[in-house]
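Report on the following structure.
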Amino acid sequence: MDSNTYFATGSRKTATAKVWLISGETEHTVNGRSLLSYFGREDLVKVALTPLQVTGITSFGVRSVVAGGGLSAQAAAVSLGIARALLRFNPELRGTLKAADLLKRDPREKERMKYGLAKRRKRFQWTKR
């Protein structure tokens, strides 16, 4: 890629996204497909493109490769990747992106299954006799 391309990675739960911002392009793709055809829902497309809308930048096309997790986690991973790539493009955008909470990686993960329990925290019913 040339000097008008900015790369960053984003993650959420077990989903990881490699994101390239390409100057002068208008097409946004995920794994070679358009965002709407990949995610299938308009709200997930909005989640993924939130950093571009918050900063008001429309001169970049987004190309991303996503693996792991579900669609919602993948959209959040793409969003974080775009926000980080925008920082490489212009470090002065940090305040805007930080105010919108777009630079934080959501730390919530699935809790592990514990032995002796029915679910993660649910216990088996106690019987006296």
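Counting heavy atoms from C-beta outward, Leu71 and Tyr38 have side chains that approach closer than 4.5 Å. Using a 4.5 Å heavy-atom threshold, the side chains of Arg94 and Leu87 count as touching. Looking at heavy atoms from C-beta onward, Thr29 lies out of side-chain contact with Ser34 at the 4.5 angstrom threshold. With a 4.5 Å cut-off on side-chain heavy atoms, Ile82 and Leu49 count as touching. When side chains are defined from C-beta on, Arg120 counts as touching Met113, because their heavy atoms get closer than 4.5 Å. Residues Arg105 and Ser11 have side chains in contact (heavy-atom distance under 4.5 Å, counting atoms from C-beta outward). Counting only heavy atoms from C-beta outward, the side chains of Tyr6 and Leu86 never approach each other to under 4.5 Å. With contacts defined as side-chain heavy-atom distances shorter than 4.5 Å, the pair Glu25/Arg63 qualifies.
Listed here is the closest heavy atom pair of Leu52 and Thr55: O-OG1, 3.4 Å. Heavy atoms only, all atoms of each residue included: Leu117 and Arg123 are closest at CD2-CG, 3.5 Å. Across Gly68 and Ala15, no two heavy atoms sit closer than the pair O-CB, 3.3 Å. Across all non-hydrogen atoms, the minimal contact from Val19 to Ser64 is CG2-CB, 4.0 Å. Of all heavy-atom pairs spanning Val54 and Thr96, the tightest one is CG1-CG2, 3.7 Å. Residue Phe39 comes nearest to Ala48 through the heavy atom pair CE1-CB, 4.2 Å, listed as atom of the first residue, atom of the second, then distance.
Classification of Arg88 and Glu92 as a salt-bridged pair fails, no side-chain N sitting under 4.0 Å from a carboxylate O. Salt bridge Asp43/Lys46: absent, no basic N to carboxylate O contact under 4.0 Å.
In this structure, Asn90 CG and Leu93 CG are separated by 4.0 Å, a value rounded to the nearest 0.5 Å. The CZ atom of Arg12 lies 11.5 Å from the OG atom of Ser79; values are rounded to the nearest 0.5 Å. Annotation: the span from Asn31 atom CG to Ser37 atom OG amounts to 10.0 Å, rounded to 0.5 Å. One distance of note links CG of Asp101 with NZ of Lys104; it measures 4.5 Å at 0.5 Å rounding.
Under the 4.5 Å side-chain contact rule for hydrophobic residues, Leu80 and Val30 do not share a cluster. Residues Val66 and Leu36 are members of one and the same hydrophobic cluster, defined by side-chain heavy-atom contacts under 4.5 angstrom among Ile, Leu, Val, Met, Phe, Trp and Tyr.
No donor-acceptor pair under 3.5 Å is formed between the side chain of Asn4 and the backbone N or O of Ser23. In this structure a side-chain-to-backbone donor-acceptor pair under 3.5 Å is missing from Gln74 to Thr16. When atom types are taken as modelled, the side chain of His28 and the backbone of Gly61 share no donor-acceptor pair closer than 3.5 angstrom. A side-chain donor-acceptor contact under 3.5 Å links Arg84 to the backbone of Thr9.
Listed by chain and number, the residues in a salt bridge (Lys or Arg N to Asp or Glu O under 4.0 Å) with Lys119 amount to none (sequence neighbours excluded). By the side chain to side chain donor-acceptor pair (under 3.5 Å) test, Lys114 pairs with Glu111, sequence neighbours left out.
Partner of Pro51 under the side-chain contact (heavy atoms from CB on, under 4.5 Å) criterion, chosen from Leu103, Val78, Leu102: Leu102.
Below 30°, between 30° and 60°, or above 60°: for Phe60 and Phe89 the angle between ring planes is above 60°, a perpendicular geometry.
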